[in-house]
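Notes to accompany the following structure.
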Amino acid sequence: MKKLQLLSMALIMSVVSVNAQLAEVSPVNGAPTESSNALFDFLYNIDVGSTGSIGADGQAGIAFVNNQYWVSAWASELIHILDNTGAFVETITIAGVTGTRSMTTDGTDVFIGAAGAEIYRVDPVTRLLQGTIPILPGGGSDASARMVTYDETLDGGNGGFWIGNFGSDIASISMFGVTLSVIPSATHGTAIYGGAIDNISPGGPFLWIHNQGASQDLITQLDPATGVPTGVEYDYATDMGPGVTGIAGGLFISDQVSATSIALVGLCQCTPSNEIFAVELVPLLGVNDNDISSLSLYPNPATRGVVNIETATQGDKQVIVMDVLGKTVINTTISGTELNISSLRTGVYMVQVVQNDATATRKLIVK
């Protein structure tokens, strides 16, 4: 299986060599490279179609919410809830929402696109519609919300969405539906179904498009600033089983579906049965860490405003905390062991510790 060299994650970009980044090769168009932490290392696939946990094909959107997969039936009001192994839990409907094509989350709410001119906001606990975000006219784009992916960095850090529909433009919009930027269809050249913003990978940010191209299940990397494809692609056909064919579906990025990786996860409208698949995007622990001896991070999960960071070495420690989208939320130096995390909301974070030219990265859960 062809791979793309990836030497580190965004949390430790200060120790990633420029030459390593330049040596990256497209797994579709380039020669294979050997790396135990290669991009697109296959993680798993789950049969969720007619012969799998849902028992029916025609699935489209996918998200991972509160440790469960949400999988939407195409052009229907049905949303199937699966546990974190892909086992069926229940099928739900949300009053006022039908035709779900894609789903995304900001960590609190679920946002749903139904290939129209609005985005639905849903409370994942009550499963109730909280309102809609209209895609306002006048932005110079024909993009609609078949693909919807939340991006907390948009609109000056106020958040927003990337949207698109098959061969349309791709647009970024604010949380109020105002167009912020437009990528013309002729520039990105993809047939958009799902998408995921990537503020984590070295050299990013990137926008990954689940592209119904020649292979019908191709994930294409774009530069969101220009909309131009970078040449990096993943073709799920390389990891399908014998006799399986695919069509693109939903897409998301998560650090919660694999113990070792931040994963790129897609829904394949496969024949003979629909599948969820995941490939490694970024390893959870940086492979270039010169690991700090006896690093301890506790309590973890953290339920109050302080965590302790202990090492076997005396001296100051630089601590950088980043959220799952790669945004730095704390950057400080501590001389003792206590790190104030009272500013962090509930979620998953990566904590990088630098001390005496040694570096280590750990995952932190805040409840």
Side-chain angles (χ1 to χ4, degrees), residues 48-49 53-84 86 88-137 141-152 154 159-166 168 170-179 192-197 210 212 247-254 265-269 274 276:
V48 296
S53 57
I54 295 174
D57 290 324
Q59 312 310 324
I62 186 168
F64 197 72
V65 184
N66 296 336
N67 206 36
Q68 294 177 315
Y69 293 100
W70 286 34
V71 178
S72 66
W74 187 88
S76 165
E77 75 280 6
L78 302 180
I79 296 176
H80 307 290
I81 308 298
L82 314 177
D83 71 15
N84 59 10
F88 179 79
V89 176
E90 61 179 327
T91 297
I92 66 171
T93 60
I94 298 167
V97 179
T98 190
T100 299
R101 302 303 203 278
S102 62
M103 296 173 285
T104 188
T105 179
D106 64 352
T108 301
D109 293 325
V110 175
F111 298 91
I112 291 176
E118 59 187 353
I119 298 170
Y120 300 95
R121 181 195 291 264
V122 172
D123 183 326
V125 177
T126 64
R127 280 93 180 262
L128 295 176
L129 180 63
Q130 302 298 298
T132 60
I133 301 171
I135 300 169
L136 299 177
S141 165
D142 65 352
S144 59
R146 176 178 295 273
M147 172 195 78
V148 178
T149 179
Y150 175 74
D151 183 353
E152 69 175 17
L154 289 173
F161 305 93
W162 294 90
I163 61 172
N165 188 356
F166 284 144
S168 77
I170 296 172
S172 65
I173 63 172
S174 74
M175 297 299 292
F176 303 100
V178 177
T179 299
I192 311 153
Y193 202 109
I197 190 67
H210 209 169
Q212 294 194 167
I247 296 176
L251 192 71
F252 68 90
I253 293 172
S254 176
V265 184
L267 190 286
C268 174
Q269 300 179 75
N274 295 173
I276 296 171

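It should be emphasised that the depicted structure is a prediction, and the values quoted were computed from it without experimental measurement.
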Point to revise | From Ile119 atom CD1 to Ser144 atom OG, the distance as rounded to the nearest 0.5 Å | key: 10.0 Å
Exercise for review: Check whether any side-chain N or O of Asp123 sits under 3.5 Å from a backbone N or O of Thr126 as a donor-acceptor pair, and report yes or no.
Suggested key: yes
Check your understanding: So, the side chain of Thr132 versus the backbone of Glu118: is there a donor-acceptor pair under 3.5 Å, distance only?
Key -> no
Point to revise | All ring pair (Phe, Tyr, Trp, His ring centres under 6.0 Å) counterparts of Tyr120, not counting sequence neighbours | key: none
**Study point:** Pairwise distance CG(Asp151) to CG(Asp106) - rounded to 0.5 angstrom
**Key:** 12.0 Å
Check your understanding: Does any non-hydrogen side-chain atom of Ile62 lie less than 4.5 Å from one of Val48?
Key -> no
Practice item. Look at the side chain of Gln269 and the backbone N and O of Leu267, then say whether any donor-acceptor pair between them is shorter than 3.5 Å. Key: no
Practice item. Write down the atom of Ile133, the atom of Gly177, and the distance for their closest heavy-atom approach. Key: CG2-N, 3.6 Å
Review point. Heavy-atom distance under 4.5 Å between the side chains of Leu82 and Phe88, does that happen here?
Key: yes
Check your understanding: Which atom pair, heavy atoms only, marks the closest approach of Ser72 to Gly61?
Key -> OG-N, 2.9 Å
Review point. Considering only heavy atoms from C-beta outward, does the side chain of Met147 approach that of Ile170 to under 4.5 Å?
Key: yes
**Study point:** Validation row: Phe252, Trp70 side chains within 4.5 angstrom (heavy atoms)
**Key:** no
Exercise for review: Indicate the atoms forming the closest heavy-atom contact of Met103 with Ala63, along with that distance.
Suggested key: CB-CB, 3.8 Å
Exercise for review: Mind checking the NE2-CD1 spacing from His80 to Ile92? Nearest 0.5 Å is all I need.
Suggested key: 10.5 Å
Point to revise | Any Thr100 side-chain heavy atom under 4.5 Å of Ile94 side chain | key: no
Exercise for review: Would you give the length of the straight line joining atom OG of Ser172 to atom CD1 of Ile197, rounded to the nearest 0.5 angstrom?
Suggested key: 9.0 Å
**Study point:** Side-chain donor/acceptor of Asp57 to backbone N/O of Asn274, under 3.5 Å
**Key:** yes
Review point. Among Val97, Thr93, Ile81, which one satisfies side-chain contact (heavy atoms from CB on, under 4.5 Å) with Arg127?
Key: Ile81
Point to revise | Minimum heavy-atom distance between Gly266 and Leu251, given as atom pair plus value | key: CA-CD1, 3.9 Å
**Study point:** OG-CD distance between Ser76 and Gln59, expressed to the nearest 0.5 angstrom
**Key:** 8.5 Å
Point to revise | Chi angles and distances behind the side chain to side chain contact (heavy atoms under 4.5 Å, CB included) call for Phe64, Val265 | key: CA-CA 9 Å; Phe64 197 72; Val265 184; over 6 Å; no
Practice item. Taking Ser102 for its side chain and Gly250 for its backbone only, find out whether a donor-acceptor pair lies under 3.5 Å. Key: no
Check your understanding: Is the shortest heavy-atom distance from the side chain of Val148 to the side chain of Ile112 under 4.5 Å?
Key -> no
Check your understanding: Would you find more than 12 non-hydrogen atoms of other residues, nucleotides or ligands less than 6.0 Å from Phe176 atom CZ?
Key -> no
Review point. Aromatic rings Tyr150 and Phe161: how do their planes relate, parallel, tilted or perpendicular, breaks at 30° and 60°?
Key: perpendicular
Point to revise | Closest contact, heavy atoms only, Ile192 versus Ser168 | key: CD1-O, 3.6 Å
Practice item. Could you tell me which residues satisfy side-chain contact (heavy atoms from CB on, under 4.5 Å) with Ala248, sequence neighbours excluded, listed by chain and number? Key: Tyr193, His210, Gln212
